[in-house]
Amino acid sequence: MSETYNPGRIEPAIQSRWEQDNAHRAERGDGERFYCLSMFPYPSGKLHMGHMRNYTICDVISRYQLMCGKRVLQPMGWDAFGLPAENAAMANGVPPAQWTRDNIAHMRNQLKSLGFAIDWERELATCDPDYYRWNQWFFLKLLERGIAYKKTGTVNWDPVDQTVLANEQVVDGCGWRTGAPVEKREIPMYYLRITDYADELLASLDDLDGWPERVRTMQANWIGRSEGAEISFACGDETIKVFTTRPDTLMGATYMAVAAEHPLATRAAENNPELAAFIAECQKGGTSEADVATQEKLGMDTGLKAIHPLTGAELPVWVANYVLMGYGEGAIMAVPGHDERDFEFALKYDLPIVQVISLPEGRAYDHQQWHDDYAAKDGELLNSGQYDGLSCQKGFEAIVADLEKNNAGRGRIQFRLRDWGISRQRYWGCPIPIIHCEDCGDVPVPEDDLPVVLPEDLVPDGAGNPLNRCEEFVNTPCPKCGRPARRETDTMDTFVDSSWYFLRYTCPHNDRAMVDETTSQWMPVDQYIGGIEHAILHLLYARFWTKLMRDESLVSVNEPFARLLTQGMVLAETYYREDEFGRKTWYNPADVDVERDDKGRLIRAVLAADGGEVQPGGVEKMAKSKNNGVDPQALVDQYGADTVRLFSMFAAPPEQSLEWSEAGVEGAWRFLRRLWSGVHAHVEGGVLPGRVPEKTDGPARDLRRLLHETIGKVGDDFGRRYTFNTAIAAVMEFTNHLNRFEPREDNDRLLVQEAWESVVRLIAPVTPHIAESLWQSLGRDGSVFDAGWPAVDESALVREALTIVVQVNGKVRGRIQAAPSSPKELVEEAALAEENVARFVDGKTVRKVIVVPDKLVNIVAT
RNA sequence: GCCGGGGUGGCGGAACUGGUAGACGCGCCGGACUCAAAAUCCGGUUCCAGUGAUGGAGUGAGGGUUCGAUUCCCUCCCCCGGCACCA
């Protein structure tokens, strides 16, 4: 054994031994299966600390389960389609396919150098036709079933580049490359009926008890089930249908509002140029909900009148930009008295505000100022004619009943969730397998002709999808009539790719089926790990897709992920410079030098390369788009994989977001060196592999008790709590004690042998290379991962005396020693007798004494 | 704007079920070793007062419940994530 720790030498050697032994193949072993999965990365170029953290967490859990005797599947793959490859192509002229595959090659090497127990035989990339053919195959099944369908949807349109923009490419309402104000545009797209599964997606959240509560809450709110009513308002010869969650407030409706895209608005604008101009105005700006929700509420009267279905009163019909065509019916009945947005709008445009729900005793309704309790459902109806005096619930029921009687409405359940639009007007994605024929219409590509292969040599230039101009791709005979036809050039949302990759890992090389019988052997995923930013969309789509595949009898599970760990994001400062057109160039924090004041606040940041100033853009998640990803490679080169792994697990608990800082890497490095030299010192005196001490006493007994307490804690932290930082802290603490312990007799050396063997196994999931190496130095054969997890010796845990804290009026005033489970009276007596305690009680009357067994005494004295 | 989460020493964090606030680590200070430096080892380190024993304050701000609150409740401030075409 070498005297000093040299990761540069041991890590590659151990990695090649693992490879030779096929140590990480999922087929290996015969224990219970454990499928441990991390969200696959987008191959953006280099690993960043967010990846590092994610995959280290996954590896720690995998290796811990491996040591517990499980047969572990830890796969890896690439979410390889997507926008950044097109952006890179525009910047460098390199085809997205080449850029993506180069990135994958580089990142695969990086992952391998980190020593993850990944079964590389199962690697997949979503841009491979072998993978995406099954997207196409399944899409056609969904089309047959009517789950996939076509309708129009709204996109961001850049009028200069004549192209559709992603929300990310819309900056302050303008196109990112052209700076032109974007417009909303309606185009035909394919959708999946996720709303058909809304009830089940909501209900089965209750079964996901291995998921964080916050994720379940977010998904439930996203699905957004609400009970309400649809109500029809006559408007000339037309009917305006609305959905409301508050039919009880119907008597307070004072106007109607429709979305700018509503057919009624279009009709009303035909001979009203002013209204037409307003509707055109509403087309400006981005499509994202955040954009719509934060824009100023604007409206215009159409001049049309709608008839209140119960009172017959005439209500003005307005066009309003806060009403969304995509939600509900694209029209609302406005009740300014009890809806905050309607109140704001009514105040602005001087529309009547009528209170129809009473407030608590003594509260008066203020028509000039909104208060949150106006929206409450605690009061009774008033100003509502025959319904006056009813509770909101009773009023709801009575009004819905009367509407049903008049054929003017009915109770209805509405979801916030909208159908999933999967068409993307982009090149670098999975082609949608449809052929458009002038005579036959939209014809599915026959199953035998799959996959529709994406040509890999095109280079996007920012002006639309290059597939449109690729004649070899577009021109094809119609499968039905054989006459010339055109292929669909839209590709699929990349969320389709990531909605089932975890199933494909179970049979990645099967070229005859999407999934097979091995899939159900591994599913569901026992532990899924990924960023909290995926809490809603990716996880919801993956759940939905799994249910779709279940309904095609392809999988047997209802839910794909039994247990979920949502990793907090790794954040870093962003830096940018703005050019004369307001376009921002982002600089990597590694290339920026920062000056701070004595409180650590940033004063000035300059680019190291040219010394010129750059602007701080705030702390954000590490991402390609803001170029603030920190590459762990430099640290791995300097300290080795184990140090970086140890540090990234020690820095914070996994669920918490983490602002990146390198301070502390030294500490991880020092710990591993101390570990190494501690084992070395012991080995110098001769090893005693696998031996356990006889009865211990004095300091040896204390050390052994701490050892077994530590074994218990670390196992609990790895297996149940997933707090790797506290597990590591406990190992460090024990190692500090162990290094200070001086063996006096042979039995002490047996204890030290037991202790080092335990420490090496406890830390092995986090720092596998050094653990393998030390395991052998300690005289043990084989891999530490075959050695099993150390067992707690209960007899070592027994204590004779405990320290009990004594408080006087809630403040700690002293400590006493007592045997475990001492009788209350005895502890109380000892507490009152303690010198400093007595000083504080002196001259006062003891009113009460609270004794928490084996822990604490609180004396209440006045 | 809406939904979800977070805020504890100079810094990352610990305190798991309402019971010793600050484990472990970084940084800093002091010491040992060294011709010297690095590395390493030992000791100290929430703030204020005190040589010290010890006392007072303290977990974003304010209020409440409790013998006792970082933990539970209410109001507010700030930060982060998501908002359906970033992944």
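Since this is a predicted model, take the numbers as computed values, not measurements. Any value given below was found using the heavy atoms of this structure, including those in side chains, with hydrogens, waters and symmetry copies removed.
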Residues Asp493(A), Trp420(A); criterion side chain to side chain donor-acceptor pair (under 3.5 Å); working and verdict: CA-CA 10 Å; Asp493(A) 181 2; Trp420(A) 175 14; 2.9 Å; yes
Looking only at the aromatic ring of each residue, does the gap between the centers of Phe724(A) and Phe650(A) stay below 6.0 angstrom? no
If we call it a pair only when both distances are under 3.5 Å in a Watson-Crick or G-U wobble match, what pairs with [N]?
N	result
rA37(B)	none
rU59(B)	none
rG19(B)	rC67(B)
rG50(B)	none

Could you give the distance separating [M] and [N] at their [atom1] atoms, to the nearest angstrom?
N	M	atom1	result
rU20(B)	rU70(B)	P	10 Å
rG12(B)	rA23(B)	C1'	13 Å
rG62(B)	rA69(B)	C1'	16 Å
rA37(B)	rC29(B)	P	14 Å
rG25(B)	rG63(B)	C1'	37 Å
rG52(B)	rG58(B)	P	23 Å
rC16(B)	rG22(B)	P	13 Å
rU40(B)	rA53(B)	P	31 Å

Heavy atoms only, 4.0 Å cut-off, all strands: where does [X] land among base, sugar-phosphate and nothing?
X	answer
Trp420(A)	nothing
Ser423(A)	base
Leu540(A)	nothing
Arg839(A)	sugar-phosphate
Leu856(A)	base
Thr294(A)	base
Phe840(A)	sugar-phosphate
Asn836(A)	sugar-phosphate
Arg721(A)	base
Lys713(A)	base
Pro653(A)	sugar-phosphate
His534(A)	base

[X] side-chain proximity, nearest of [options]:
X	options	answer
Thr726(A)	rC85(B), rA15(B), rC24(B)	rA15(B)
Arg673(A)	rU40(B), rA21(B), rG19(B)	rU40(B)
Glu533(A)	rG81(B), rA39(B), rC85(B)	rG81(B)

Is a salt bridge present between Glu666(A) and Arg673(A), judged by a nitrogen-to-oxygen distance below 4.0 Å? no
Minimal heavy-atom distance between Leu564(A) and Pro212(A), with the atoms involved, is O-CD, 3.4 Å
Would Arg341(A) pass as a cation-pi partner of Tyr322(A), given that its NZ or CZ must be under 6.0 Å from the six-membered ring centre and within 45 degrees of the axis? no
Within 45° cone of Phe345(A) ring axis and under 6.0 Å: Lys297(A) NZ or CZ: no
Write down the distance between CD (Glu666(A)) and C1' (rU40(B)), rounded to a whole number of angstrom. 13 Å
Going by modelled atom types, is there a donor-acceptor pair between the base of [N] and the side chain of [X] at under 3.5 Å?
X	N	value
Arg720(A)	rC16(B)	yes
Arg674(A)	rU40(B)	no
Asn167(A)	rC85(B)	no

If the plane angle is over 60° it's perpendicular, under 30° parallel, otherwise tilted; pick one for Trp428(A) and Phe81(A). perpendicular
